[in-house]
Amino acid sequence: MEKIVEVKNLELSFHTFAGEVKAIQGVNFEVYKGETLAIVGESGSGKSVTTKSIMRLLPKSSTEYKNGEILFGGKDLLKISEKEMQKVRGKDISMIFQDPMTSLNPTMTVGNQIMEPLLKHQKLSKSEARKKSIELLTLVGMPKPEMRMKQYPHQFSGGQRQRIVIAVALACNPKLLIADEPTTALDVTIQAQILELMKDLQKKIDTSIIFITHDLGVVANVADRVAVMYGGRIVEVGTVDEVFYNPQHPYTWGLLSSMPSLDATEEKLYAIPGTPPDLLDPPKGDAFALRSEYAMKIDMEQVPPLFKVSETHYAATWLLHPDAPQVDPPAAVIERMKRFPGSRYYTGNAGGVR
Amino acid sequence: MAEKLLEIKNLKQYFNVGTKNEVRAVDDITFDIYKGETLGIVGESGCGKSTTGRTIIRLYDATGGEVIYDGVDVHAKKSKKELKAFNRKMQMIFQDPYASLNPRMKVLDIIAEGLDIHGLVKNTKERTARVHELLETVGLNREHANRYPHEFSGGQRQRLGIARALAVEPEFIIADEPISALDVSIQAQVVNLLKELQEERGLTYLFIAHDLSMVKYISDRIGVMHFGKLVEIGPAATIYTAPLHPYTQSLLSAIPLPDPAYERSRVRISYDPTSHKYLQDEEVIMREVTPGHFVLCSQREFETFAK
């Protein structure tokens with residue numbers, strides 16, 4: 001499969017008054033053509049920073065790229081000039097932000113905002129751009145697009161604004177679309193509509209999507225592959241089935257067990273103890289060790305490398321080392337593993353899948 | 001059935017009354033809250049669920065209807081003394097733990113504010129001791145008392161909000177989206193804390209949220225709101241396994257679950273308010289379909305539900 005973007009060994013820090021925040025500490029991943037990669041993790045895990053560095057949207061004054069490269073179309077995006085980067089932004093790579101209330105310009109008509117990338121990147125004439133914008137609005141399911149073109153963002157609801165943001169992002173048929181929590185600010189019913197729209201459009205224009213979210217339900221819905229981030233590193237990556245039905249990292253176990261399931265009647269929710277690590281002074285060894293009941297001595301000393309589980313599935317935990325003792329994951333996770341052929345808990349009946 | 005703690009009768013909360021922008025945020029809703037239970041209220045933003053909570057605790061004066069707490073009408077005229085006694089029984093936890101704590105007050109003073117107002121402590125020593133005790137109850141340390149809110153994380157701030165609500169020993173707590181602003185791993189911690197406190201102190205909760213899976217987990221009963229109306233209310237399990245109102249069905253079918261196999265087969269039902277085809281003279285009211293399970297419906301619909 002064709003790789004659209006490849007992030008190699010990315011390391012970056014922010015310089016703040018309090019000191020150096022080691023936000024990303026060696027991140028590797030790639031996105032293939034036409035797929036959706038979901039990045040999950042809690043606030044401060046580095047998921048937004050990673051994608052903002054692909055777009056080069058981080059403040060120059062405080063950001064230091066310490067290591068690594070971001071390969072896109074044969075070029076390292078971290079090395080090219082700002083002028084070249086402007087040709088990439090909004091054309092080859094575009095982004096949808098979390099808050100549709102603030103990511104549109106309140107003083108510009110919606111039509112002008114959709115036409116902007118078309119005029120800039122595709123050098124269309126004004127009338128052509130207008131025609132294309134109306135098509136785009138129709139594509140994202142906006143009724144009466146001609147009339148809507150002349151309106152301002154405040155005249156739209158949250159879900160409609162997010163549709164407009166999507167129309168702007170898709171205007172130049174980008175190769176890569178980065179969606180940073182695009183549905184977090186929306187209601188479940190609107191969220192469902194936006195997710196359906198995104199999947200639908202992805203099929204039509206064959207774009208790759210990096211989808212950032214902390215909602216595991218949304219991940220299960222949209223993702224082909226999932227990367228779990230914790231403390232500035234990717235701790236587990238695999239196909240959506242591998243991560244949900246055969247998770248290997250204790251943090252992924254914790255995340256999956258702390259969500260109540262709609263059909264279960266558990267008495268007490270599993271809560272991951274403690275708080276996320278302080279990246280001003282990142283812990284030695286495995287960043288999750290202090291919150292993990294599965295932590296071993298080595299976790300306190302050395303950062304675990306990514307161990308291979310399958311061709312597509314990797315996890316950074318010493319538990320996968322051949323010398324590590326075999327441990328049982330939490331009960332809720334074992335329930336999931338029973339449904340995954342190839343896991344040691346697999347019960348063999350395919351009826352486990354609802 | 002358990003004892004009623006709160007009766008909400010035909011509660012109405014309209015804004016901009018008399019102008020053409022009149023908003024019927026809460027439009028004639030009736031339900032009861034029983035002692036020691038958790039009632040969850042779900043619905044989309046703008047459906048009036050937060051307004052309901054705020055009207056019950058008298059942050060708004062109701063346009064119409066009654067809220068009866070332990071036999072006393074909340075919105076009736078009261079002397080200052082009566083009001084104070086009443087305020088002690090009912091407390092609120094807010095959604096945004098960043099906006100609901102005064103940044104210029106120390107934790108000690110934030111939590112003790114209620115104690116001071118109600119004269120619950122005699123001297124400074126007792127006051128400090130009580131605050132320390134409350135901090136420990138919610139899983140924080142006594143050393144935290146001398147810090148300011150900005151020194152805490154979101155989850156810890158929400159714990160402070162809970163400690164503040166508990167300070168005056170209320171019987172009833174309204175939690176307005178208490179976990180929406182928190183990370184997944186922290187949400188479970190706060191929900192577990194709320195549950196533990198309920199068991200220890202026999203608290204009654206009104207839990208307002210839009211995260212339906214958390215609501216199901218914490219609630220004994222659930223009410224579903226749509227456009228200012230309560231459309232369905234009943235035991236949590238019934239609402240989830242056998243929802244009757246088409247809006248509830250559509251809301252449930254929209255929730256993504258952390259289960260890829262289920263997600264691939266999930267079919268979303270959309271709700272069309274005109275699908276009821278109510279006739280002009282039809283009476284659309286809450287009707288009890290099975291014991292404790294009420295649905296907003298017409299007589300015709302009721303008959304089909306009953307089958």
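Order of the sequence lines fixes the chain letters, A, B, ..., with proteins taken first and strands second; residue numbering starts at 1 for each chain. Given the structure is predicted, the values throughout are model-derived calculations rather than measurements.
- At a 4.5 Å heavy-atom cutoff, B:Gln156 makes no contact with chain A through either its backbone or its side chain.
- Under the 3.5 Å distance criterion, the side-chain polar atoms of B:Gln158 are matched with a main-chain donor or acceptor of B:Pro178.
- Under the 6.0 Å cut-off for aromatic ring centres, B:Phe152 and B:His144 qualify, their centroids lying closer than that.
- Chain B forms more heavy-atom pairs under 4.5 Å with one residue of A:Thr189, A:Leu255, A:Thr184 than with any other, namely A:Thr189.
- Annotation: salt bridge (Lys or Arg N to Asp or Glu O under 4.0 Å) contacts involving residues 245-255 of chain B, sequence neighbours excluded, are absent.
- Donor-acceptor pairing under 3.5 Å is recorded for the side chains of A:Glu242 and A:Thr239.
- Residue A:Val219: no heavy atom, backbone or side chain, is found under 4.5 Å from chain B.
- Only the backbone of A:Tyr270 comes within contact range of chain B, with heavy atoms under 4.5 Å apart.
- Only the side chain of A:Gln191 comes within contact range of chain B, with heavy atoms under 4.5 Å apart.
- Highest contact tally toward chain B, considering only A:Ala220, A:Ala271, A:Ala223, A:Pro273, is held by A:Ala220 [criterion: heavy-atom pairs under 4.5 Å].
- The cationic group of B:Lys216 lies under 6.0 Å from the six-membered ring centre of B:Tyr240 and within 45° of the ring axis, placing it in a cation-pi geometry.
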